[in-house]
Trainee: 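Below you'll find the structure I mean.
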Amino acid sequence: MHKIFGFGLYMEKIGRPDFLCFFFLHYHMSGYYNSRNPIFKVLVYKVIGKPNQRMKALQNNIVRAEVDLEVGKKLYLGMDFGTSGARYALIDKEGNVRAEGKREYPLLMIEETVDWLQSWKMTLFALLKDIPVGLRSTVVSISIDGTSATTIILDSKTGESLCKPFLYNESCADALPSVKSIAPANHTVCSGSSTLCKLVSWWNSDNSTKESTVLLHQADWLLWLLHGKLGVSDYNNALKVGYDPEIEFYPPWLLLQPYSRVLPSIQPPGTAIGALKESIRTEYGFPKDCIICSGTTDSVAAFLAARASQPGKAVTSLGSTLAIKLLSTRRVEDARFGVYSHRLDDKWLVGGASNTGGAVLRQIFTDEQLEKLSEQINPAEASPFDYYPLQGVGERFPVADPKMEPRLHPRPASDVEYLHGILESIARIEAKGYSLLKDLGSTPVEEVFTAGGGSKNEKWIKIRERVLGLPVSKALQTEAAYGAALLAMKGASEHKDGSL
Ligand SMILES: Nc1ncnc2c1ncn2[C@@H]1O[C@H](COP(=O)(O)OP(=O)(O)O)[C@@H](O)[C@H]1O
Ligand SMILES: O=C(CO)[C@H](O)[C@H](O)COP(=O)(O)O
């Protein structure tokens, strides 16, 4: 192995450190290396200390890994398929992160539109490949969270999709009158971006026989690629197609519809569904007893990751979109404002998902600019600017208005003031959301934890604390993938051998 050091050093001499990085990261991550080796540490530190493009690209995928594990240790894998990319977290029974990584979605195009199914599938198997080989044999369960109401309609005979996926924030308002005519007033499905509106819109526009059609959500579809049992979902993902997690059934008004036969069967999140497919298990080196567990949505996973367990505690996900989740003893739902409740065991996660959020910031600033400009903001000072930051027309929560226009002007000469105004305006939307939940009868919010990419912005946290008038902090675990890993751990602990 020291020959490799020599070769690597030579490569470094001739100015090809990235080759050396590649080598070391490859060996380190593949577990052939004991990272305690002093020479290894010096060299890797020396080389990694000079990040270059390829190095950054490698680091982008491989965020962290601790390869040395006690014999017999079991690990639990959670994967989060968010708006802009996917991540994984590998945790042990104590909840320690043993490896984590991320991938951006490759933008594969079909006739000028992104082939999302191919992109998500490639990302799924790329993330599995990013897991250090030395750890894979200890992974005993896997779960996945995905964006809510992202809808995939498949032919159950071929497994092929019958149309392009409907993304989480797509609105099929054409189906709204028909959905409103069958559902209770202001039911969660009475929103253009609900899964049910997407299904009804497709059903009314597609002339095929629809005999072997099945509907899945993004997380269900990714899990199906791993376990091979078509037509299984969870009661968080199924909420927006009309499933009632309180009665644990689809309601009669939905079962009476012709399209109800395409709906998936439902399990609680974190329930063992099936064994990892043998072909995947042998190709990647996962153990024989590796099981696949039902998933959840990304903002529920972010709440789980924060491990907030008392009513009144809340998690705001500052990802591409702003999603809030408040733990409440009372269920609340009102589609007029985009408010709905996810079930969490015997309590309710009341909240909603706005179209404001980080994606608007990313349209205007790079992440580096966000960091630099935020350093110059005085969070104690209120911004005079009143924006409604949206990527495009349409808002889901706390105002459900598919025609709402973005408001991002006037733009001041100073980018610091502009960013301050946008961050403060998003904070005001967040505050309006929590106040609306209280008005609708939920447990009042007492404390807010923050997840998602925006949680790293300390100044924004201070602005939000001032605007919300509440304690606001960064969650201990800010990645939804950690929440999905907790679901994998739950599924493994409840699973009886031989019951799949
Ligand atoms: N320093 C920062 N301040 C505020 N927002 C940030 C910062 N860095 C990244 N972001 C935002 O975080 C978002 C990405 O968060 P992430 O949780 O990865 O999103 P998602 O899972 O929805 O794709 C981006 O839209 C970006 O604008
Ligand atoms: O904004 C989103 C994507 O990031 C989704 O709408 C998000 O999943 C919120 O939905 P839910 O509350 O059902 O998790």
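Order of listing sets the numbers, starting from 1, for every ligand and every atom in it.
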Trainee: Of the side chain and backbone of Ala353, name the one, both, or neither that has a heavy atom under 4.0 Å from an atom of ligand 2.
Mentor: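 Near ligand 2, Ala353 shows its side chain, while the N, CA, C and O stay back.
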Trainee: Show the atoms of ligand 1 that are less than 4.0 angstrom away from any heavy atom in Ser84.
Mentor: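 Once the distances to Ser84 are compared, the set is 19 (O), 20 (P), 23 (O).
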Trainee: Think Lys432 forms a cation-pi with Tyr434, using NZ or CZ under 6.0 Å from the six-ring centre and within 45 degrees of its axis?
Mentor: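 No.
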Trainee: Compute the centroid of each ring, for Tyr340 and then for His342, and state whether the two points are separated by less than 6.0 Å.
Mentor: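 Centroid separation for Tyr340 and His342: below 6.0 Å.
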Trainee: Just checking Leu255: does its CG atom have more than 12 heavy atoms from other residues, nucleotides or ligands closer to it than 6.0 angstrom?
Mentor: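 Buried by this count: over 12 neighbours within 6.0 Å.
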Trainee: Of all the non-hydrogen atoms in the protein, which one sits nearest to atom 3 (N) of ligand 1, and at what distance?
Mentor: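 Its nearest protein heavy-atom neighbour is Asn457 ND2, 3.1 Å.
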Trainee: When you measure from the side chain of Glu430 to the backbone N and O of Ile426, does any donor-acceptor pair fall under 3.5 Å?
Mentor: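 No, Glu430 side chain to Ile426 backbone: no donor-acceptor pair under 3.5 Å.
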Trainee: In ligand 1, which numbered atoms sit nearer than 4.0 Å to a non-hydrogen atom of Gly452?
Mentor: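 The atoms of ligand 1 under 4.0 Å from a heavy atom of Gly452 are 17 (O).
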Trainee: Strictly below 4.0 Å, N to O, side chains only: are Glu494 and Lys490 in salt-bridge contact?
Mentor: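 Lys490 and Glu494: salt-bridged.
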Trainee: Tell me which protein heavy atom sits closest to atom 1 (O) of ligand 2, plus the residue, atom name and distance to 0.1 Å.
Mentor: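 Ranked first by proximity to atom 1 (O) of ligand 2 is Thr321 OG1, 2.7 Å.
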Trainee: Test your reading of the structure: does Ser148 have an N or O sitting under 3.5 Å from an N or O of ligand 2?
Mentor: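 The answer is yes, given that Ser148 and ligand 2 share an N or O pair closer than 3.5 Å.
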Trainee: Which residue owns the protein heavy atom closest to atom 6 (O) of ligand 2, what's the atom, and how far is it?
Mentor: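 Protein heavy atom with the smallest distance to atom 6 (O) of ligand 2: Arg396 NH1, 2.8 Å.
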Trainee: Enumerate the atoms of ligand 1 whose separation from the nearest heavy atom of Trp460 is less than 4.0 angstrom.
Mentor: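 The atoms of ligand 1 under 4.0 Å from a heavy atom of Trp460 are 4 (C), 5 (N).
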Trainee: Below 3.5 angstrom, do we get any N/O pair linking Thr83 and ligand 1?
Mentor: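 Among all N and O atoms of Thr83, at least one is under 3.5 Å from an N or O of ligand 1.
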Trainee: Give the numbers and elements of all ligand 2 atoms closer than 4.0 Å to a heavy atom of Lys325.
Mentor: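 Checking each atom against Lys325, I get 11 (P), 12 (O).
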Trainee: With a 6.0 Å cut-off on the ring centroids, do Tyr482 and Tyr88 count as close?
Mentor: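 Between Tyr88 and Tyr482, which both carry aromatic rings, the centre distance is not below 6.0 Å.
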Trainee: May I have the step-by-step check of ring-ring contact (aromatic ring centres under 6.0 Å, His included) for Phe249 and Tyr235, ending in yes or no?
Mentor: CA-CA 9 Å; Phe249 220 73; Tyr235 59 49; over 10 Å; no
Trainee: For atom 6 (C) of ligand 1, what's the nearest protein heavy atom and its distance?
Mentor: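 That would be Leu370 CD1, 3.6 Å.
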Trainee: Atom 17 (O) of ligand 1: which protein heavy atom is closest, and how many Å away?
Mentor: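 I find the closest protein heavy atom is Gly453 N, 2.9 Å.
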Trainee: Asp234 versus Gln267: any side-chain heavy-atom pair under 4.5 Å?
Mentor: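 Counting from C-beta outward, Asp234 and Gln267 never come under 4.5 Å.
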Trainee: So which heavy atom in the protein is nearest atom 22 (O) of ligand 1, and how far is it from that ligand atom?
Mentor: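 Closest protein heavy atom to atom 22 (O) of ligand 1: Ser320 N, 2.8 Å.
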Trainee: For Pro398 and Leu436, which heavy atoms make the closest approach, and how far apart are they?
Mentor: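 It is O-CD2, 3.7 Å.
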Trainee: To the nearest 0.1 Å, how far is atom 27 (O) of ligand 1 from its closest protein heavy atom, and which atom is that?
Mentor: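 It is Gly358 O, 2.9 Å.
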Trainee: Kindly identify the option in Gln369, Lys102, Arg87 whose heavy atom sits closest to atom 16 (P) of ligand 1.
Mentor: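 The nearest heavy atom belongs to Arg87.
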Trainee: Is Arg362 salt-bridged to Asp367, going by a charged N under 4.0 Å from an acidic O?
Mentor: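 Asp367 and Arg362: salt-bridged.
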Trainee: Go through ligand 1 atom by atom and flag the ones less than 4.0 Å from a non-hydrogen atom of Ala359.
Mentor: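 Selected atoms, number and element: 25 (O).
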Trainee: Taking only heavy atoms of Tyr168 into account, list the atoms of ligand 2 that are under 4.0 Å away from them.
Mentor: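 Result: 1 (O), 2 (C), 3 (C), 5 (C), 6 (O).
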Trainee: Quick one about Thr147 and Thr150 (side-chain donor to acceptor, distance below 3.5 Å, no hydrogens or angles considered), yes or no?
Mentor: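 The criterion, which ignores hydrogens and geometry beyond distance, is satisfied for Thr147 and Thr150.
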Trainee: Does any N/O atom on Tyr340 come nearer than 3.5 Å to any N/O atom on ligand 2?
Mentor: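 There is such a contact, yes.
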Trainee: Looking at Thr83, which atoms of ligand 2 are within less than 4.0 Å of one of its heavy atoms?
Mentor: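 By the 4.0 Å cutoff, the relevant atoms are 3 (C), 4 (O).
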Trainee: Can you tell me which residue and heavy atom of the protein come closest to atom 24 (C) of ligand 1, and the distance to 0.1 Å?
Mentor: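 The protein heavy atom lying closest is Arg362 CZ, 3.5 Å.
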Trainee: Kindly assign one of parallel, tilted or perpendicular to the pair Trp120 and Trp221, based on the angle between their ring planes and the thresholds 30° and 60°.
Mentor: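 Geometry flag for Trp221 against Trp120: perpendicular rings.
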Trainee: Among all protein heavy atoms in this structure, tell me which lies nearest to atom 9 (C) of ligand 1, with the distance rounded to 0.1 Å.
Mentor: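 Residue, atom and distance for the closest contact: Lys456 NZ, 3.6 Å.
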Trainee: Heavy atoms, side chains only, cut-off 4.5 Å: are Val399 and Ile429 in contact?
Mentor: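 Side-chain contact under 4.5 Å: no.
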Trainee: Please say whether Asp298 places an N or O atom under 3.5 Å from an N or O atom belonging to ligand 2.
Mentor: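 Yes; the residue has a nitrogen or oxygen that sits under 3.5 Å from a nitrogen or oxygen of the ligand.
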